[in-house]
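See below for the structure under consideration.
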Amino acid sequence: MPVPELTPAEVSDLLAAHPDWSSARDGKAIARTFRFKDFSEAWGFMSRVALLAETQDHHPEWFNVYNRVEVTLTTHDAGETGGLSARDARMAAAIDAIV
């Protein structure tokens, strides 16, 4: 059963509430790049996000090189082909709260 996708107005509200995130994948995802002092800080951030993801049962896509972590949030089972859902909004808020 598909997860309800956010409406265009809800996506606009999400981006307004989280200005460090940007629209990605033709509006089907949001993305943000984080930079840290070094690899250890980046890894610690990823560990904290991993614990949040397990709690929320919603896992980000990410890429890490040294002190940079690129995070993409999307809901693969939203709508018919994936997209943004309330799960992504909750995860973006939780991630923003730990940085």
Open item on the list: How about CG on Asp26, more than 12 heavy atoms from neighbouring residues, nucleotides or ligands closer than 6.0 Å, or not?
Closed with: no
TODO: Output the distance between atom OH (Tyr66) and atom CH2 (Trp43), rounded to the nearest 0.5 Å.
DONE: 15.0 Å
Open item on the list: If I take atom CE from residue Met91 and atom CG from residue Leu73, how far apart are they, to the nearest 0.5 angstrom?
Closed with: 7.0 Å
TODO: Write down the atom of Thr72, the atom of Ala31, and the distance for their closest heavy-atom approach.
DONE: OG1-CB, 4.0 Å
Task: Atom pair CD1/CD of Ile95 and Gln56 - distance to nearest 0.5 Å - done: 8.0 Å
Task: Shared hydrophobic cluster for Leu84 and Leu15 (ILVMFWY, side-chain gaps under 4.5 Å) - done: yes
Task: Flag side-chain contact, heavy atom, 4.5 Å: Val69 against Val71 - done: yes
TODO: Give, for atom CZ of Phe34 and atom CD of Glu70, the distance between the pair rounded to the nearest 0.5 Å.
DONE: 11.0 Å
Task: Pairwise distance CG(Leu14) to CG(Asp88) - rounded to 0.5 angstrom - done: 8.0 Å
Task: Non-hydrogen side-chain atoms of Thr81 and His76 separated by less than 4.5 Å - done: no
Task: Distance-minimising heavy-atom pair for Glu5 and Ala78 - done: CG-CB, 3.8 Å
TODO: Could you check Asp96 against Trp21 for side-chain hydrogen bond (donor to acceptor under 3.5 Å, both in side chains), going step by step and ending with a plain yes or no?
DONE: CA-CA 10 Å; Asp96 284 352; Trp21 293 83; 2.9 Å; yes
Open item on the list: Minimum heavy-atom separation for Ser85 and Pro4, please, with both atom names.
Closed with: CB-O, 3.5 Å
Open item on the list: Do Ile98 and Ile30 sit in one hydrophobic cluster, given that two such residues count as connected whenever their side-chain heavy atoms are within less than 4.5 Å of each other, even indirectly?
Closed with: yes
Open item on the list: Does this structure show an ion pair linking Glu61 with Arg25, if we count only N-O contacts that are shorter than 4.0 Å?
Closed with: yes
Task: Closest heavy-atom pair and its distance - Ala86, Leu6 - done: N-CD2, 3.7 Å
TODO: Keeping the roles fixed (side chain from Asn67, backbone from Asp38), state whether a donor-acceptor pair exists under 3.5 Å.
DONE: no
TODO: Evaluate side-chain contact (heavy atoms from CB on, under 4.5 Å) for Glu54 paired with His59, printing each intermediate quantity in order.
DONE: CA-CA 7 Å; Glu54 282 297 299; His59 304 86; 2.8 Å; yes
TODO: Spell out, yes or no, whether Phe39 and Met46 are grouped together once hydrophobic residues are joined by side-chain heavy atoms under 4.5 Å, including indirect joins.
DONE: no
TODO: Test side-chain contact (heavy atoms from CB on, under 4.5 Å) on Arg90 and Leu52 and set out the steps.
DONE: CA-CA 10 Å; Arg90 283 190 300 274; Leu52 289 171; over 6 Å; no
Open item on the list: To the nearest 0.5 Å, what is the distance between OG1 on Thr75 and NZ on Lys28?
Closed with: 11.0 Å
Open item on the list: Quick check against the 3.5 Å criterion: does Arg68 have a side-chain atom that pairs as donor or acceptor with the backbone of Asn64?
Closed with: no
Open item on the list: Do Val99 and Trp62 sit in one hydrophobic cluster, given that two such residues count as connected whenever their side-chain heavy atoms are within less than 4.5 Å of each other, even indirectly?
Closed with: yes
